[in-house]
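Chain letters run A, B, ... following the sequence lines, proteins first, then strands; residues in each count from 1. Values below: all heavy atoms of this structure, side chains included; hydrogens, waters and symmetry mates excluded.
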2 protein chains.
Amino acid sequence: MITDKIFVPVKAGRAGEEIALQIQAAILNGDIVPGEKLPSERELQCLFKTGRGVIREALQVLRQKGLIETYKGSKGGAYIKNLEVVNVSESFALFLKQSHTDPMHLIEFRESIDYIITDLAIARGTADEKSLLVRKTEALAKAVKGNGSSLETLVELDKDLNIIFAKMTHNSIFEWIMRAVQLGFSSMDNALYEDLEYRTYAVENWRNTAREIAASDPIKAKSYISYHYMILRKKVLLITNSSSLQVNDNHEQPDTDSACC
Amino acid sequence: MITDKIFVPVKAGRAGEEIALQIQAAILNGDIVPGEKLPSERELQCLFKTGRGVIREALQVLRQKGLIETYKGSKGGAYIKNLEVVNVSESFALFLKQSHTDPMHLIEFRESIDYIITDLAIARGTADEKSLLVRKTEALAKAVKGNGSSLETLVELDKDLNIIFAKMTHNSIFEWIMRAVQLGFSSMDNALYEDLEYRTYAVENWRNTAREIAASDPIKAKSYISYHYMILRKKVLLITNSSSLQVNDNHEQPDTDSACC
DNA sequence: CCATGTAGAATGGTCTTACCATTTAGGTTG
DNA sequence: CAACCTAAATGGTAAGACCATTCTACATGG
């Protein structure tokens, strides 16, 4: 549980963030371990000598960072979570969206990463992993040929394949970066897979790539990947998005400090 | 400003996050552009038909994501920000810290990225950029030889150098990834630079690398980088960290719904 | 006329109190 | 013993008040 001296009261103009930082530091420092429960909001309110609203803002920050999970009811509260790659990936995707990064830049990055992963996957991937990769590509190919699968299912299979691929490096950073890139790509992936010609070709190319990886032939594997990105670039050039924006104005003039409605 | 129909009331068990998502969508969608101001908390409270606390939690999330900045006083409020790479980098660093990623994995990743950047920097970097890189490395070398500079200054110069290097790819994703990796590395970089032997060697190696990049010789440049990471791995093996963790317990039993103190 | 100061409004930040919904634990009753 | 019910703990929401900060606009005095 929580020792007295871990947290100190605070009164700055940004108490919530300050408190969030203190708790975060306690988590990163190992003073609170995953699975453990934070004191209830009403207790934290006393520990930090502050109002409950401030505590809730702090917990909201931690929740958003993926550091804690909260449950309602008796025995509820904020539990320390094992940080998942998905959070930082989302952050990355958000950045890509808001900064209007050139899709071609993302493709270039993804291609570069794929080459690195290929080498590492061949060098470090176990026989089981390699055969799994091959089997998954064949499953995807079958799913594409038999038209029974939905588009979402196919895209999902493709993503899984990439994750498995990245996991073969036995370096979690590559797995994370792969998830992040895919999140940034997600809008495009759906559009691409709608094209029948593209998806039949793509899965075939995946099969070839997986086979060469299983055969530990980095040159041929990377050659297939190179071809894949050439096609990808062509297709992406055909997909253009446009967005709209509107602004306006309307105000009221309330008398009290309370809400205006 | 903000049109009426952008936001819809909400009443779920997680109203704050729902509201944050709505506003975030409006931002990413272009309905609200950077520099523009959100309605005041008391107005939002009416638009969403909810309490002010919920609104504040939502804004806290957006603030934490780096999407808005808030100011106090008249004409204060929440202003839409241009998302900076620093936010996603911090998210990445947080993940590295909390997941106890093997430093060797981070080094491996960084080395891979460096090779890619080298090729791109040589291919795309302008003559000006290349000469700037060389000059900066020489400035760093001078700063290391003349013992007048503090350790922090040297580390900072080294980081700047890496950012300049990444910028030469003319692909902002590499710049971002470089910042992220450096944040994850920061604790180690300081320790490494404390070693006189390491820093004299490191800056000399940087000079050589920069020179080869300026000379557009990727083979030699990557050879220097390879050597650098060999040394780096050796040094990092000598740096070991240990952390402590303590737990405890103490509770009170208040009677009312209010705070316990 | 201009500079200076002052009052007020707008706004974020905080605190308090209250109530609701959910969940668990424990007791009660058939 | 099982089913049910009640109470306590806890997060989620709401409303109202007050403070500190900041800007605007008006008044005041030179």
Nearest-Å distance for atom pair CG/C1', residues A:L59 and D:dG11
10 Å

Between N or O atoms, less than 3.5 Å apart, protein on one side and nucleotides 23-27 of chain C on the other: list the pairs.
{"unit_1": "C:dT23", "atom_1": "O2", "unit_2": "A:S74", "atom_2": "N", "d": "3.0"}

Using the side-chain contact (heavy atoms from CB on, under 4.5 Å) criterion, which residues pair with B:E69? Sequence neighbours excluded.
B:Y71, B:K81

Whole Å only: how far is the CD1 atom of A:I55 from the C1' atom of D:dT13?
17 Å

Under 3.5 Å donor-acceptor pair, B:R63 side-chain atoms to C:dG12 base atoms:
no

Under 3.5 Å, is there a donor-acceptor pair between the side chain of B:H105 and the main chain of A:F174?
no

Check salt bridge (Lys or Arg N to Asp or Glu O under 4.0 Å) between A:R110 and all other residues, then give those that pass, not counting sequence neighbours.
none

In whole Å, what is the span from the OH atom of B:Y71 to the P atom of D:dA20?
23 Å

Classify the nucleic acid contact of A:G77 as base, sugar-phosphate or nothing, counting any heavy atom under 4.0 Å across all strands shown.
sugar-phosphate

Would you kindly give the CD-to-C1' distance between A:Q45 and D:dT10, to the nearest whole Å?
13 Å

A:E129: what forms a salt bridge (Lys or Arg N to Asp or Glu O under 4.0 Å) with it, not counting sequence neighbours?
none

Atom-pair distance (CD on B:E18; C1' on D:dT13), nearest Å:
15 Å

Salt bridge (Lys or Arg N to Asp or Glu O under 4.0 Å) with A:K167: which residues, sequence neighbours excluded?
A:E175

Return the value, rounded to whole Å, for the distance between atom CG of A:L38 and atom P of D:dA9.
19 Å

Minimum-distance nucleotide (side-chain atoms of A:A15 versus C:dT14, D:dG12, D:dT13):
C:dT14

Hey, are the side chains of B:Q182 and B:M178 touching, using non-hydrogen atoms and a 4.5 Å cut-off?
yes

Sequence neighbours excluded, which residues qualify as salt bridge (Lys or Arg N to Asp or Glu O under 4.0 Å) partners of A:R124?
B:E108

For B:R42 and C:dA9, what is the distance between atoms CZ and C1' respectively, to the nearest whole Å?
11 Å

Looking at C:dG13, does its base get a donor-acceptor pair with the side chain of B:R52 below 3.5 Å?
yes

Nearest-neighbour nucleotide for the A:R56 side chain, C:dC15, D:dG12, C:dT11 considered:
D:dG12

Nearest-angstrom distance from the residue atom CD1 of B:I68 to C1' of C:dT11:
14 Å

If you take atom types as modelled and just measure distance, does the side chain of A:R14 reach the base of C:dG12 with a donor-acceptor pair under 3.5 Å?
no

